[in-house]
Protein chains: 2
Amino acid sequence: MFRQSNLGERLDSAVSCLSPAGSAPFAALVALEQIGGRRSYQQDEEIYGELDPADCWYKVVSGTVRICKLLADGRRHIAEFCFAGDCFGIDLGRERLFSAEAVGDVTVMRFPRGATERLIDEQPELARHICDMALRSLAHAQSRMLLLGRMTASERVAHFLLELAERRDARRFVDVPMSRNDIGDYLGLTIETVCRVLSSFRREGTIAIPTPHRIELCDRDALEAAGEG
Amino acid sequence: MFRQSNLGERLDSAVSCLSPAGSAPFAALVALEQIGGRRSYQQDEEIYGELDPADCWYKVVSGTVRICKLLADGRRHIAEFCFAGDCFGIDLGRERLFSAEAVGDVTVMRFPRGATERLIDEQPELARHICDMALRSLAHAQSRMLLLGRMTASERVAHFLLELAERRDARRFVDVPMSRNDIGDYLGLTIETVCRVLSSFRREGTIAIPTPHRIELCDRDALEAAGEG
DNA sequence: ATGCCGCCTTGATCCAGGTCAACCGCTGCT
DNA sequence: AGCAGCGGTTGACCTGGATCAAGGCGGCAT
């Protein structure tokens, strides 16, 4: 639908972190690059917090970002992980509803909202592209709702590993930049349950865990079977 | 941001069922109405099924629609309920990932996808409006993920009642067109748990249940407290 | 090197919500 | 009227995953 751009990076995401269609029109993307500024964050540094003004959006250059929310009683929910090429922080309201934090060291491009809206007015194709990304994210959010609402712990973890492998273009060895705690909060499980499921997959020979942050998919079929009834 | 339209109906939704911003530009909406056709469905009739071609989208005129997915083993997940004014079936792919069914008797407007895309090309403002709707739905999907991933049964049901009241503009008496089963599949609970939580709210005087499909919110504060820690 | 600290892993126990089952009450059919 | 069927409600019991607790292990500072 859209002409292939040579900027190379995808405009991925999901819920205020939009997922990639094809590529946006070349001219629009070049113009976008003009208004963005580069910025880096250390491990666990906050990129923005809940209730901060939502006056800009971001694209991950390198590293991993988590989009999350903390409830009053300490429960935490991670809405999304964003990897290199993914966009996040595209919100409608004036204030952030979620916070964004660096999982490891992270570099991002930062785009002011005002300039982007002006750009959209000049280049209507851009609106269509963002619309596309939003709809794609919506579909992703849908499948996550299904996962959170109706899937068992094993199904969630299997699904997570496969998603991770796909999004990071990994065939056999997947590196897992986030902590077990982060995984738990992303999947609606506790850290202990995540560990136990991973261990049981390992015992069954489905995966190997050379280090906690590197997982080998030994039997992808078994994983896919575990990921969906 | 957008001029108020006098078409009266909102373009609501969430995940392939988009939520309302303000109103789209008048001219664009008038043009939209031109290409739509009206159609009615009986209770539990399928409007479209999974894997059907996604060649059109819909707007609810009257009644309630459920957007859902059935897993192989019979587990069902309801992604969204759509009420009068809400849009649904705006998908990116060629095939439906979810099905849409009439909760009760339903009347919808049906819009061909091709004609809509041509209209968007002519009226770029429309793309921006759809983008807006998609982002709004994304925010809604986010909060549902939090609910499904991290909230207790009581919190889910309280949240559901408040959401229902708000979306249907009800102050004290909320009518509940869907079955307990539908509610369970929407909230990631069983029918029995939904019943039990409703009964416990009733026992505490938070709500009254004159009929199964009509609920009185007697103590909204208590409900709001139950809906969020 | 050594000791501390944070993250991961594993085991033991608990409980919220699922499962199974009975029954109620309404509706529609004979 | 009588009865069958279906959705809703309630009770008894079970279980998957949470919670609580105890190490293990690697990295880093002293």
Side-chain angles (χ1 to χ4, degrees), chain A residues 42-44 64 66 71 73-77 103-105 147-161 175-204 207-215 226 229, chain B residues 42-44 64 66 71 73-78 103-104 147-161 175-204 207-215 226 229:
Chain A
Q42 294 177 338
Q43 176 155 6
D44 293 324
T64 303
R66 60 172 174 259
L71 296 186
D73 59 6
R75 280 176 292 180
R76 190 179 66 150
H77 171 67
V103 168
D105 291 356
L147 180 137
L148 293 170
R150 284 290 178 229
M151 294 213 170
T152 66
S154 304
E155 289 171 332
R156 295 182 199 199
V157 173
H159 201 97
F160 172 74
L161 291 175
D175 71 322
V176 182
M178 63 292 286
S179 69
R180 297 290 187 264
N181 221 318
D182 284 347
I183 298 174
D185 289 341
Y186 181 64
L187 297 179
L189 301 170
T190 60
I191 176 174
E192 294 95 330
T193 300
V194 172
C195 275
R196 270 188 261 273
V197 171
L198 286 174
S199 297
S200 86
F201 284 163
R202 177 169 46 68
R203 252 175 276 124
E204 293 161 5
I207 63 171
I209 313 180
T211 84
H213 291 282
R214 190 167 179 75
I215 290 179
Chain B
Q42 295 177 337
Q43 175 156 7
D44 293 324
T64 303
R66 60 174 174 257
L71 296 186
D73 59 8
R75 283 176 289 180
R76 190 180 67 151
H77 170 68
I78 293 185
V103 167
L147 180 136
L148 293 170
R150 283 290 178 228
M151 295 212 169
T152 65
S154 304
E155 289 170 332
R156 295 182 199 198
V157 173
H159 201 97
F160 172 73
L161 291 176
D175 70 322
V176 181
M178 64 290 286
S179 70
R180 297 292 187 263
N181 220 317
D182 284 346
I183 298 174
D185 289 342
Y186 181 64
L187 297 178
L189 301 171
T190 59
I191 175 175
E192 294 94 331
T193 299
V194 172
C195 276
R196 270 187 262 273
V197 171
L198 286 174
S199 296
S200 86
F201 285 162
R202 177 168 46 69
R203 253 175 274 123
E204 294 160 4
I207 63 171
I209 313 179
T211 84
H213 291 282
R214 189 167 178 77
I215 290 179

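Quantities reported herein were computed from a predicted structural model and do not represent experimental measurements. All heavy atoms count here, side chains included; hydrogens, waters and symmetry mates do not. Naming convention: chains lettered A, B, ... in sequence-line order (proteins, then strands); numbering from 1 in each chain.
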Whole-Å distance separating the [atom1] atom of [X] from the [atom2] atom of [N]:
| X | N | atom1 | atom2 | result |
| --- | --- | --- | --- | --- |
| A/Arg196 | C/dC8 | CZ | P | 15 Å |
| B/Asn181 | D/dC6 | CG | P | 14 Å |
| A/Arg180 | D/dC25 | CZ | P | 15 Å |
| A/Ile209 | C/dT10 | CD1 | C1' | 13 Å |
| B/Asp44 | D/dC6 | CG | C1' | 12 Å |
| B/Ile191 | D/dC6 | CD1 | C1' | 11 Å |
| B/Met178 | D/dG7 | CE | P | 16 Å |
| A/Arg214 | C/dC7 | CZ | C1' | 19 Å |

Side-chain heavy atoms of A/Met178 within contact of A/Val176, under 4.5 Å:
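Yes - at least one pair of side-chain heavy atoms lies under 4.5 Å apart.
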
4.5 Å side-chain heavy-atom contact, A/Asp182 and A/Arg76:
yes

Ignoring backbone atoms, establish whether B/His213 has a side-chain N or O less than 4.0 Å from OP1 or OP2 of D/dG8.
yes

For C/dG17, does either OP1 or OP2 sit under 4.0 Å from a side-chain N or O belonging to B/Thr193?
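So the side-chain polar atoms of B/Thr193 never come under 4.0 Å of the phosphate oxygens OP1 or OP2 of C/dG17.
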
Applying the side chain to side chain contact (heavy atoms under 4.5 Å, CB included) test to B/Val157, which of B/Thr193, B/Ile207, B/Thr152, B/Val197 qualifies?
B/Val197

Let's see if you can work this out: which of [options] has an atom nearest to the side-chain heavy atoms of [X]?
| X | options | answer |
| --- | --- | --- |
| B/Glu192 | C/dA21, C/dG18, C/dT9 | C/dA21 |
| B/Cys195 | C/dT9, D/dG17, D/dT10 | D/dT10 |
| B/Ser199 | C/dT10, C/dG17, D/dT9 | D/dT9 |
| A/Arg202 | D/dA18, D/dT10, C/dT10 | C/dT10 |

Need to verify one output field. Residue with the more 5' nearest nucleotide on DNA chain C, A/Arg150 or A/Pro212?
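Mapping each residue to its closest nucleotide by heavy atoms, the 5'-most match is A/Pro212.
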
Quick one: label [X] by what it contacts on the DNA or RNA (base, sugar-phosphate, nothing), any heavy atom closer than 4.0 Å.
| X | result |
| --- | --- |
| B/Leu198 | nothing |
| B/Arg156 | nothing |
| B/Ser179 | sugar-phosphate |
| A/Gly184 | nothing |

Step by step, work out the side chain to side chain contact (heavy atoms under 4.5 Å, CB included) result for B/Thr190 and B/Arg180.
CA-CA 9 Å; B/Thr190 59; B/Arg180 297 292 187 263; over 6 Å; no

Side chain to side chain contact (heavy atoms under 4.5 Å, CB included) between B/Asp185 and A/Arg150, intermediate numbers included:
CA-CA 8 Å; B/Asp185 289 342; A/Arg150 284 290 178 229; 2.8 Å; yes

